[in-house]
Protein chains: 2
Amino acid sequence: MSNTLDKIDTQILDILQTDSNRTTKSIATELGMTTSPIFERIKKLEKEGYIKKYVAVLDNKKIGLKLTVFIGITLQGHTRSYLEKFVKEINNFPEVVECHRVSGNFDYLLKLVVEDIEAYETFIITKLTLLPYLGNVQSLIALSTSKETNKIDLSAVL
Amino acid sequence: MSNTLDKIDTQILDILQTDSNRTTKSIATELGMTTSPIFERIKKLEKEGYIKKYVAVLDNKKIGLKLTVFIGITLQGHTRSYLEKFVKEINNFPEVVECHRVSGNFDYLLKLVVEDIEAYETFIITKLTLLPYLGNVQSLIALSTSKETNKIDLSAVL
DNA sequence: TTGTTTAAAAGAATATAATTCTTTTACGAG
DNA sequence: CTCGTAAAAGAATTATATTCTTTTAAACAA
């Protein structure tokens, strides 16, 4: 069970991170190989967990979710059991797409994707502020987004 | 050219946001239809831009990129031409996966995915702080991430 | 050097799914 | 009603994924 990625693997991952509908044949052609080794490498990358899943990326704005907001949160009480409960609640909100425990000026950083400012306010009032032990809440509203990808840079790990 | 999504469309989008390798047949079965209308709806969703692309989602940590960091930045000079240059530079850094212009306590919020604390420091020293007119820089290091998805909630827009 | 082993790649064959095409159904307008 | 339209169903075809067998290349021991 080899555990490292070689050049070809990272090239495959780069391609699939950009477009996972590429055929094995077209990837093979690009990398100067035949379909079988490409196919087997992809299956291996999936099986060993380097590739977690394949997903469709939607156009948030086109769909009507025009606003991205980051929310920094500090909590007043920090008992372990409460933190777990807090995180669980937060993760269940569908408008929350990310929840990170962070070091720095906040305890948690959330990322939300919502329709508009109203939907954002509704979230704050009807969901977030109902959670107990909430300390400071600071919002960063995305006015524009020049880059937003989940394509990670593999050149660093080769 | 109809421009709204119906229930079936959002169900398809939900499925494809979770797993874009689902066959049209399996989606059809789940929704109690045949393959052709599903196929045509998907093609329409792609063509009209609701679906931007299909990508592989990798396991950052497994691949060796173990650290996610958010960086809040304020700039000292705000001339339009400089802002554009700044953003262009930032977007070219491969470790930067998101760059948002924000309102609130910062001008920009970045999200980075890097190997470790060292790689993060290297970024700060050899890339970020070389940019002129940089004001305050505040980092939020993700200690743990309980939720991280780009699956957006379509129930709000129906 | 030569023979042997192993892993990866190539090539061919098959199975599965995507895609296209034709027919049928459901529904609204006149 | 019945005509026209859009969506869905079903069948046929094409393209791709997947499997299997053969070949090549590299590593190593004799």
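All of these numbers come straight from a predicted model, not from anything done at the bench. Numbers restart at 1 for each chain; the letters A, B, ... are given by sequence-line order, proteins then strands.
- What separates CD1 of B/Ile42 from P of C/dT19 is a distance of 9 Å, to the nearest Å.
- The nearest whole Å value for the distance from the CG atom in A/Asp9 to the C1' atom in C/dA8 is 12 Å.
- Taking every side-chain heavy atom of B/Phe39 into account, C/dT20 is the closest of D/dA8, D/dA17, C/dT20.
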What pairs of donor and acceptor atoms, side-chain ones from residues 96-110 of chain A against any protein atom, are under 3.5 angstrom apart with sequence neighbours left out?
from, atom 1, to, atom 2, distance (Å)
A/Glu98, OE1, A/His100, NE2, 2.6
A/Glu98, OE1, B/Lys111, NZ, 3.0
A/Glu98, OE2, B/Lys111, NZ, 3.1
A/His100, ND1, B/Thr145, OG1, 2.8
A/Arg101, NH1, A/Asp107, O, 3.2
A/Asn105, ND2, B/Gln138, OE1, 2.9
A/Asp107, OD2, A/Leu75, N, 2.8
A/Asp107, OD2, A/His78, NE2, 3.0

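- The nucleotide whose nearest atom lies closest to any side-chain atom of A/Thr34 is, among D/dA7, C/dG11, D/dA17, C/dG11.
- One finds no salt bridge joining B/Asp19 and A/Lys53 here, because no Lys/Arg side-chain nitrogen approaches an Asp/Glu carboxylate oxygen to under 4.0 Å.
- Side-chain atoms of B/Arg41 lie closest to D/dA7 of the nucleotides D/dT18, D/dA7, C/dA18.
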task = For B/Ile73 and B/Asn136, run side chain to side chain contact (heavy atoms under 4.5 Å, CB included): C-alpha distance rounded to whole Å, both residues' side-chain angles, the deciding distance at 0.1 Å, then the answer.
result = CA-CA 6 Å; B/Ile73 296 175; B/Asn136 192 33; over 6 Å; no
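- Here D/dA7 presents its P atom at 13 Å from CD1 of B/Ile38, a figure rounded to the nearest Å.
- At the heavy-atom level, A/Thr23 lies under 4.0 Å from the strands shown only through sugar-phosphate atoms.
- You'll find a donor-acceptor pair under 3.5 Å spanning the side chain of B/Ser36 and the base of D/dG10, going by distance alone.
- Residue A/Ile8 contributes atom CD1, which lies 13 Å from atom C1' of C/dA7 at whole-angstrom precision.
- Atom NZ in B/Lys44 sits about 18 Å away from atom P in C/dT19, given to the nearest Å.
- Both A/Thr35 and B/Thr35 lie near DNA chain D, and the one whose nearest nucleotide falls closer to the 5' end is B/Thr35.
- Per the geometry, CD1 belonging to B/Ile27 stands 12 Å off P belonging to C/dT19, to the nearest Å.
- Judged by distance alone with a 3.5 Å cut-off, no donor-acceptor contact links the side chain of B/Thr24 to the base of C/dA18.
- To the nearest 0.5 Å, atom CG of residue B/Leu154 and atom OG1 of residue B/Thr10 are 6.0 Å apart.
- When only modelled atom types and interatomic distance are considered, A/Tyr82 and A/Gln76 share no side-chain donor-acceptor pair under 3.5 Å.
- For C/dT19, one of the phosphate oxygens OP1 or OP2 lies less than 4.0 angstrom from a side-chain nitrogen or oxygen of B/Lys43.
- Rounding to whole angstrom units, CD of residue B/Glu46 and P of C/dA18 are separated by 12 Å.
- The 5' end of DNA chain D is approached more closely, in terms of each residue's nearest nucleotide, by A/Asn21 than by the other of A/Asn21 and A/Glu40.
- Among D/dA9, C/dA18, C/dA9, the nucleotide with an atom closest to any side-chain atom of B/Met33 is D/dA9.
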